[in-house]
Amino acid sequence: MTPGRKKLIVGNWKMNLSVHEASLYLHKLSDKIPVRRDVEVVLAPTLLALQPLSLQVNRRQFKLAVQNFYWRDHGAYTGEVSAAQLHSIADYAIIGHSERRHTFHESEKDIRSKVQAAVRNRIKPILCIGETASERSYGETNDVLRDQLTSGLANLTSDDLETLVIAYEPVWAIGTGDNANPSDVHGAVKVIRNELKHLYGTKATEAVRVLYGGSVKSSSAADYLAVKGVDGLLVGGASLDSHAFTEIVTKAHESTTEAKT
Ligand code: PEP
């Protein structure tokens, strides 16, 4: 593990679990996953469950992330929730997830504005970037990653980078069971770190954590956590299985203890 960068495991529950089920599931995870100094665990329930879970959660054990929000702070935006309203409820915000980019047609401008809104309201952004299957087949992965990074971070200063998390999530690997090869992840993470250095310099970039996400299972977690430059995982489907998710968190802990020996 790179000194100063704590491992990070994020569970994205997507549009699953009722408020009651989410509360029971949090209770179950609390019994299974111990507080560890070397691994930070973040849970991203649906918006509806976020506020009640914020009252239930032990923040030493789990942090909470919002899956989506609108980038303006207040105003006549019926049906929307802002980062200003989420301040002190959500610790992190998932931004630019491929399901938001592709199913809800979020633009690069929306994503950039959300990153800025999160930072403005002291919520840590988890910016998701990644290529589609067709971009991959045309050999465009590295260009896509650089473009999405440059665009998503356009409004940030190097001071803002301290709380930033980047999730490399190849679109073709999300929810498909078709996960990326660790050596490809290594290549992508290298491109991401080099681009961050190019944009902000080596020192500012050191604090940024880079995650892999895409059909991670308890059986594949260790392989990704062993990739140089990977600081953790963004987990969708497997985060809804308490046994699998607990195993993934354990693998993250083991990866830091192995790194120390
Ligand atoms: C995700 O939701 O970001 C994700 C990676 O999902 P899954 O693990 O199900 O592919």
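Ligands are counted one by one from 1 in listed order, and the atoms in each one are counted from 1 as well. The residues of the chain are indexed from 1 along the displayed sequence.
- Geometrically, ligand 1 and Ala238 share no nitrogen or oxygen pair separated by less than 3.5 Å.
- Listed by atom number, the atoms of ligand 1 under 4.0 Å from Gly214 heavy atoms are 5 (C), 10 (O).
- Within a 6.0 Å radius of CZ in Arg60, other residues, nucleotides and ligands contribute 12 heavy atoms or fewer.
- No donor-acceptor distance shorter than 3.5 angstrom exists from the side chain of Asn179 to the backbone of Ala173, with no hydrogens or angles considered.
- Atom 10 (O) of ligand 1 has as its closest protein heavy atom Gly175 N, 2.6 Å.
- Residue, atom and distance of the protein heavy atom nearest to atom 9 (O) of ligand 1 are Gly237 N, 2.8 Å.
- Among protein heavy atoms, the minimum distance from atom 8 (O) of ligand 1 is reached at Gly236 N, 2.8 Å.
- At least one heavy atom of Lys14 sits under 4.0 Å from some atom of ligand 1.
- Of all the heavy atoms of Glu169, the ones lying under 4.0 Å from any atom of ligand 1 belong exclusively to the side chain.
- Using a cutoff of 4.0 Å between basic side-chain nitrogens and carboxylate oxygens, Lys114 and Glu106 are scored as salt-bridged.
- At a heavy-atom distance under 4.0 Å, only backbone atoms of Ala173 (N, CA, C or O) approach ligand 1.
- Salt-bridge check for Arg120 with Asp73: passed, with a basic side-chain N closer than 4.0 Å to an acidic carboxylate O.
- Side-chain contact between Val39 and Ile9: present, with at least one pair of heavy atoms (C-beta onward) separated by less than 4.5 Å.
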- Stepwise salt bridge (Lys or Arg N to Asp or Glu O under 4.0 Å) test for Lys14 and Glu99: CA-CA 10 Å; Lys14 312 198 187 195; Glu99 287 151 18; 2.8 Å; yes
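- Contact atoms of ligand 1 toward Ser215: 7 (P), 8 (O), 10 (O) (distance under 4.0 Å to a heavy atom of the residue).
- Nearest protein heavy-atom neighbour of atom 1 (C) of ligand 1: His97 NE2, 3.2 Å.
- With sequence neighbours excluded, the residues that form a side chain to side chain donor-acceptor pair (under 3.5 Å) with His253 are Asp38.
- Contact annotation: for Asn12 versus ligand 1, heavy atoms closer than 4.0 Å belong to the side chain alone.
- Using modelled atom types, no side-chain atom of Asp31 and backbone atom of Lys28 make a donor-acceptor pair closer than 3.5 Å.
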